[in-house]
Structures are given as structure tokens and as C-alpha cells.
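Working notes, beginning with the structure itself.
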Amino acid sequence: MSVYKEKTRFLRESIESILNQTYKDFEFVIVGDSPPSDRERVFSVVEECALKDSRIIFIPNETNLGLTKSLNVGLSRCKGKYIARMDADDISVPSRLEKQIAFMEANPNILASSAWFEYLDENGKKIGRIARCQQSPQRIRLAILKNSVLGHPVSIFHRIINDTVVKYDESVTYAQDYSLWVWILQYGNMSNIQEVLLYYRKSDSQISTEHLSEQQECAKRAQRKAFELLYGFPYVEEFMDVFFCLTIGREKQVLEKEALKVYQDYLAQVKVTKKSYPALKFIMDIYIRYFSKKTPKRIGLFLYDLTKRNRTLMIVSEMDYVFRRLVEIVKYRTQS
């Protein structure tokens, strides 16, 4: 855990939710990265908890380093087989570590995993929304092209992967988890426990809302890495810009004709093989879902159903046919 300037009550609840876990054999590394204005208030809570529980290892930074570097400071002090992440204003359910460690031990091919988490408001009240992360390693490997695939505050991963001690990429200020998952997927699989193991506090002061543009830029870089490192796809700036707008940067407008044109150009540069096909089909599905929302429902459902018929290898001509149908729809909508 890295602490910044969380409210005292939230921080105390978060720390106690870990100390009260049913699984007891762990070290709790907390890095203090508070600005001068909050340093005494925040650090005093951690120090008070550390006096009561020797499992807490508190590392106060001399100066504010930011989340990514602070997480690496914490990782450098960890000695366990697994690293479990925790944010300083969330609440882990009591059985979280017990269930996650049992899951990882039972699935040695899984290098990282997380679980479902439920959203809370500022007052700690459930707002009726649960983030249900996918379980299938195959689906996760595809979904990483679209966005981050694990819940970072409820994640657990091997401390050493491919004979390397895991570290976050310090060139990534935000969305550091997305970048890390891409790196890990080069060496193995990921999964998620289909159960709520954490309560995630949603507030207006979080990084995700305060620095949205910077976070999205970092996420865009991680998305590009997923295309290149996991599938060997070429980097084409025009295509990546459009695909980003269809996935992460949804508030940005995309011209339909432009989206189709750059996709057609990109498809011409990618060799369709058994390895690349699932990813290309996943990209096609995202395009079809986007256009289905903007076209008559009957046509949209027809296109969506077409891509679902063949679960093995869809021949290139069929992909071309789907693409031609998309072009026809855009022309139809333009003319009418």
C-alpha cells in the first residue's frame, strides 16, 4: 500500500481490513508518500497501527515520489512469494487473502489475478454497482487490447516472474497497472475470482477523475504495448488513435467513415493466422458493437450474429464481407 493524503477514517478502515484478514501470515508494507501538508496527519495513523501490529513495515519517503515509484519502493522491501495490492481508502473483505492465495496455489499457471469488487460512495454506502472481471485466461488475453483486465486494488501476483523481480514501469505515471499486466502476460496467464473480495471507494478526488487526460495517455501507451508485445501487430498511429477512442477514450468523437477507413488499412497490414485471428476478431467485434448502436437494430444484430457463427477460424473472405457490410451501412446512413 502507498498512502498519499487519504482521509484519516478511510485510511484506518483500509489498514484494519488487512490486519483483520483470516489469513495471518503476511507482511504489510506501507509506503508513506504524503505531501508536506498531509504528512503528519497521514503518517500518524500508519505509525499508530504499526505500534499495535508488527506485521506492518512502514517506509516514509523523504519527498513525494508519486504512486508508481512509491509502489516500487514497497516492492523492493517485499520478501513473500506473492504481492497483494491494496489502496489506502478501500476495504478488503476478511477472507480476501485466504481465498486469493488458495486460488494462486491451486493454479500455478496463473501469474496474476484479482477478483470482483463492489463500489462504495464517500460515506461507505454500497451504490449497487459491482465490477465483474472476466475469469477466462483466453478472454483476458484478448480484453487487454481494450483496457486493463484486473482490479488493481484487489490484485495479487507472483513477486518473481521469468526470473525477474516484478516492478512497475516508472516512465508510466498513471495506469501503471495496465502496463504491468501487459508485461506479465508475455510470460503466462491471468484470471479473476468470481466473487466480491474488495469494496472500492469511489470519490471525486481520485486520480481517475482528477487527472483523466494524463491517465488516458498512459493507458494509450499500455494499449499500444499490448498490440505489439502480445500479438506482434504493427503500430499504425491513425488506427491506434481511432481504436483508443472506441475503447478507453469514449468521450471523444469518432467519424464513422474515418474509423472504417483506418481499420481497412490496418487489416491490410496484418497477416491473418490462427494466432492473430482471435485478436482481429475481437477488434472487429468492438467495431461492430460501436456501429450497431448507430444503425437500425435489425442490421446491427445481423452483423453481430455473423461474427458469432464460427467459433474457430473465420476465413478472410468472411471478415472482408463483414467489413463491406459496415461500409454499406455507413453509405446508407449518409444518404438517408
Side-chain angles (χ1 to χ4, degrees), residues 1-8 10-12 14-19 21 25-90 92 96-97 100 111-112 114 148 150-184 198 205-208 210-211 214-215 218-219 221-222:
M1 174 190 287
S2 175
V3 297
Y4 181 49
K5 53 180 181 180
E6 292 76 17
K7 293 182 179 180
T8 301
F10 295 169
L11 177 57
R12 194 181 302 277
S14 182
I15 292 175
E16 289 178 353
S17 76
I18 295 296
L19 298 179
Q21 290 289 301
D25 185 18
F26 61 84
E27 57 181 3
F28 191 1
V29 179
I30 302 177
V31 180
D33 194 45
S34 301
S37 59
D38 295 89
R39 191 178 180 92
E40 182 178 352
R41 176 183 61 81
V42 173
F43 286 12
S44 63
V45 175
V46 181
E47 291 166 347
E48 177 188 333
C49 293
L51 287 174
K52 298 177 181 178
D53 198 310
S54 61
R55 292 175 296 181
I56 293 179
I57 302 172
F58 183 43
I59 311 170
N61 291 336
E62 293 184 5
T63 59
N64 179 251
L65 299 179
L67 179 58
T68 306
K69 291 182 178 180
S70 293
L71 291 178
N72 280 342
V73 169
L75 285 173
S76 68
R77 292 289 297 271
C78 293
K79 300 185 289 292
K81 180 179 180 180
Y82 301 112
I83 303 293
R85 273 283 291 118
M86 181 66 182
D87 279 349
D89 54 359
D90 298 331
S92 289
R96 175 196 163 182
L97 292 181
Q100 287 193 293
L111 299 182
S114 69
S148 183
L150 303 186
H152 194 205
V154 68
S155 62
I156 183 170
F157 49 89
H158 283 263
R159 184 173 66 89
I160 298 176
I161 294 177
N162 193 41
D163 297 325
T164 302
V165 176
V166 173
K167 290 183 62 178
Y168 291 87
D169 183 350
E170 293 189 359
S171 69
V172 180
T173 309
Y174 302 104
Q176 55 278 113
D177 56 326
Y178 191 179
S179 182
L180 179 63
W181 308 148
V182 172
W183 181 83
I184 291 177
L198 180 127
S205 61
Q206 290 171 315
I207 290 175
S208 56
E210 278 190 351
H211 305 282
E214 297 98 323
Q215 186 188 49
C218 290
R221 288 169 53 192

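As the structure is a prediction and not an experimental result, all values here were calculated from the model.
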Taking the side chain as everything from C-beta on, heavy atoms only, tell me whether L75 gets closer than 4.5 Å to V165.
no
Any side-chain heavy-atom pair from R221 and Y178 closer than 4.5 angstrom?
no
Any idea which heavy atoms bring S70 and S2 closest together, and the distance?
CB-OG, 3.5 Å
From L19 atom CG to I56 atom CD1, the distance as rounded to the nearest 0.5 Å:
4.5 Å
Quick one: CZ on R41 to CD on E6, what's the gap to the nearest 0.5 Å?
8.0 Å
Testing the 3.5 Å rule here: is there a donor-acceptor pair between the side chains of N162 and T164?
no
Under 3.5 Å, is there a donor-acceptor pair between the side chain of S179 and the main chain of Q176?
no
Got D90 and V154 here, is their nearest side-chain heavy-atom distance under 4.5 Å?
no
How close do H158 and V166 get, counting heavy atoms only, and between which atoms?
O-CG2, 3.4 Å
Could you tell me whether E27 and R77 make a salt bridge, using a distance below 4.0 angstrom between a side-chain N and a carboxylate O?
no
Can you find a heavy atom in the side chain of L67 that is under 4.5 Å from one in the side chain of Y4?
no
Within the structure provided, determine whether D53 and F28 are in side-chain contact (heavy-atom separation under 4.5 Å).
no
Please report the shortest heavy-atom distance between D169 and T68, naming the atom on each side.
O-CG2, 3.4 Å
Minimum heavy-atom distance between T8 and V45, given as atom pair plus value
CG2-CG2, 3.4 Å
How about F26 and L97: do any of their side-chain heavy atoms sit closer than 4.5 Å?
yes
Any sub-3.5 Å donor-acceptor pair from R55's side-chain atoms to D25's backbone N or O?
no
Contact summary for F58 and V31, nearest pair of heavy atoms
CE1-C, 4.3 Å
Could you tell me whether the side chain of I30 reaches within less than 4.5 Å of the side chain of I15, counting heavy atoms only?
yes
Of all heavy-atom pairs linking R39 and P60, the shortest is NH2-CB, 4.2 Å
Under a 4.5 Å cut-off applied to non-hydrogen side-chain atoms, are W181 and H152 in contact?
yes
